[in-house]
Q: 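Please read through the structure below; I'll follow up with questions.
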Amino acid sequence: KCNELVKWDRLYGGALGVLLIDGQALNTPLRIDTIGKGAFKGIAVLDRWMVDPALNNLVTEFGPELGLPKFYTVIGDSPVLRGAIIHYSRVVRMDGISMPYQQRLVENLWGTSVLERLYDRLIAFDSATTGAAQLVYKAYIRTYKIKGLRELIAAGGPAMQGVVSYVDIMRRFQGIEGVTLMDAEDEFEGVEASAAFTGIDAALTQFSQQLAGALQIPLVRLFGMSPAGFSTGETDLQMYYDTILQQQEDKLKVPITKIVRCLAQSEQVKLPDGFTMEFNSLWKLDDKERSDVTTAIVGAVVQANEAGLVSDQVAMKELRQS
């Protein structure tokens, strides 16, 4: 459900994850310590178009929700919770791409979709690829001289239609092994090569790079393109994974911590003081890199243990954690 929440948030510019607590009214403030055993039933995901935020009743308590709507009313054609009024403390809210306040007013205090900032680049990329394909289709120029063509076109009617049909039949059957039929007084100039295709690949690459930049996804990931030059693509992927980690810390850490606390209270699990969480890195070490890291950690722990700086118990704990 968290995965679904992020998808609708990025697509529509905002989404809500409603915490479903059995036996508690949705329009009342949430108190995690009052959640009964087995009362947490999961999350209902609603995109921004399924709810009507109370724009005239905003949160005034100091905190991260300050200035946001205090209540959300689910619209009548929503698949779940139709007509329900939900207190802001019972939702996990995500706002898409952040915008200045005046722009957020236009969007009913929501953010904007990731498609907004790449739409024009997407149109440009599509136009460039379509134009390149049409250029390949028109890679040759054939000149056919017809005596009295100007008079035939001026006359119009059957005469002009006859010329069009004649040229169409010639175009349809003419090829490397085809036969060209024409009048003895007509003249066919043959095939002339059109302008060279130099620079098309560079232009398409530039458009694809602009698209990847707007999405903040490297080419090797977005298009599956092989790295060019001396690059192996690892640096681009590592930067992309670092960006994902930054977004996880920025947008997901607080909401998921709230969800975990509700789940723990529902399962009667007491979380330790100072409970926190960390996201696993998407970057995976290969066998050699993992071996080098392990060797370095073991060497440092053994050296500290032999020097008497840490006990055997602490050394074993460090090795286990690593």
Side-chain angles (χ1 to χ4, degrees), residues 1-10 14-22 24 26 28-46 59-68 70 86-98 111 216 237-285 289-290 293-294 296-298 300-301 304-305 309-322:
K1 288 298 180 179
C2 291
N3 183 286
E4 184 180 349
L5 176 64
V6 173
K7 286 181 180 179
W8 299 151
D9 163 62
R10 288 173 56 81
L16 294 178
V18 183
L19 303 175
L20 303 177
I21 311 297
D22 192 17
Q24 296 189 7
L26 292 175
T28 60
L30 173 65
R31 289 177 52 193
I32 296 179
D33 56 346
T34 62
I35 298 177
K37 183 177 182 180
F40 180 65
K41 300 299 183 181
I43 304 171
V45 178
L46 304 172
V59 178
T60 57
E61 294 83 2
F62 291 165
E65 291 86 8
L66 179 65
L68 295 178
K70 183 174 289 188
I86 307 172
H87 193 264
Y88 76 94
S89 62
R90 295 185 177 272
V91 302
V92 174
R93 174 181 169 125
M94 303 189 71
D95 288 335
I97 305 301
S98 300
Q216 296 181 340
L237 280 178
Q238 192 164 7
M239 292 178 60
Y240 171 63
Y241 291 152
D242 291 342
T243 302
I244 294 297
L245 180 60
Q246 180 184 10
Q247 293 179 357
Q248 289 174 333
E249 293 285 345
D250 182 35
K251 292 189 174 184
L252 291 181
K253 189 166 186 175
V254 172
I256 292 185
T257 301
K258 183 178 182 179
I259 295 172
V260 171
R261 290 186 180 278
C262 293
L263 180 60
Q265 181 68 24
S266 176
E267 296 297 322
Q268 302 295 301
V269 176
K270 181 175 176 54
L271 296 177
D273 295 336
F275 168 77
T276 185
M277 59 191 304
E278 295 181 359
F279 294 95
N280 291 331
S281 174
L282 297 176
W283 182 258
K284 302 298 182 182
L285 301 177
E289 291 174 334
R290 188 180 298 108
V293 171
T294 303
I297 293 176
V298 172
V301 172
N305 178 254
L309 298 178
V310 296
S311 63
D312 293 344
Q313 182 180 4
V314 173
M316 293 296 295
K317 182 178 179 180
E318 290 294 330
L319 292 176
R320 186 182 302 110
Q321 289 180 347
S322 66

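The figures here come from the full heavy-atom set of this structure, side chains too, leaving out hydrogens, waters and symmetry mates.
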Q: Closest approach of N3 and K7, non-hydrogen atoms and distance?
A: OD1-CE, 2.9 Å

Q: Could you state the interatomic distance from CZ (R261) to CG (L30), rounded to the nearest 0.5 Å?
A: 12.5 Å

Q: Give the intermediate values and the outcome of side-chain contact (heavy atoms from CB on, under 4.5 Å) for residues C2 and L252.
A: CA-CA 9 Å; C2 291; L252 291 181; 6.0 Å; no

Q: Taking all heavy atoms of E318 and all of V301, pick out the closest pair and write down the distance.
A: CB-CG2, 4.1 Å

Q: For Q216 and Q247, which heavy atoms make the closest approach, and how far apart are they?
A: OE1-NE2, 3.8 Å

Q: Identify the two heavy atoms, one from V59 and one from L66, that lie closest to each other, and give their separation to 0.1 Å.
A: O-CD1, 3.4 Å

Q: Ignoring hydrogens and geometry, is there a side-chain-to-backbone donor-acceptor pair from K251 to G96 under 3.5 Å?
A: yes

Q: Is there a side-chain contact between F279 and K253 in this structure, where contact means two heavy atoms from C-beta onward sitting under 4.5 Å apart?
A: yes

Q: Decide yes or no for I32 and I35: does some side-chain heavy atom of the first lie under 4.5 Å from some side-chain heavy atom of the second?
A: yes

Q: Can you confirm whether V6 sits close enough to M94 that some side-chain heavy atom of one is under 4.5 Å from a side-chain heavy atom of the other?
A: yes

Q: Would you indicate whether the side-chain heavy atoms of L319 and V298 approach each other to under 4.5 Å?
A: yes

Q: May I ask you to test the L20-I43 pair for a side-chain heavy-atom distance under 4.5 Å?
A: no

Q: Tell me, do L245 and Q248 make a side-chain contact under 4.5 Å, heavy atoms counted?
A: yes

Q: Does any part of the side chain of L5, heavy atoms only, come nearer than 4.5 Å to the side chain of V92, both counted from C-beta?
A: yes

Q: Which pair of heavy atoms, one from Y88 and one from K258, lies closest together, and at what distance?
A: O-NZ, 4.4 Å

Q: Salt bridge (Lys or Arg N to Asp or Glu O under 4.0 Å) with R93: which residues, sequence neighbours excluded?
A: D95

Q: With sequence neighbours left out, write down each residue that passes side-chain contact (heavy atoms from CB on, under 4.5 Å) with S311, or none if nothing qualifies.
A: Q313, V314

Q: Whether the T28 and R90 side chains hold a donor-acceptor pair (N or O, under 3.5 Å, no angle test) is what I'd like checked.
A: yes

Q: Got Q24 and T34 here, is their nearest side-chain heavy-atom distance under 4.5 Å?
A: yes

Q: Distance from K41 atom NZ to C262 atom SG, nearest 0.5 Å?
A: 14.0 Å

Q: Can E4 and K1 be counted as an ion pair, charged N to O under 4.0 angstrom?
A: yes

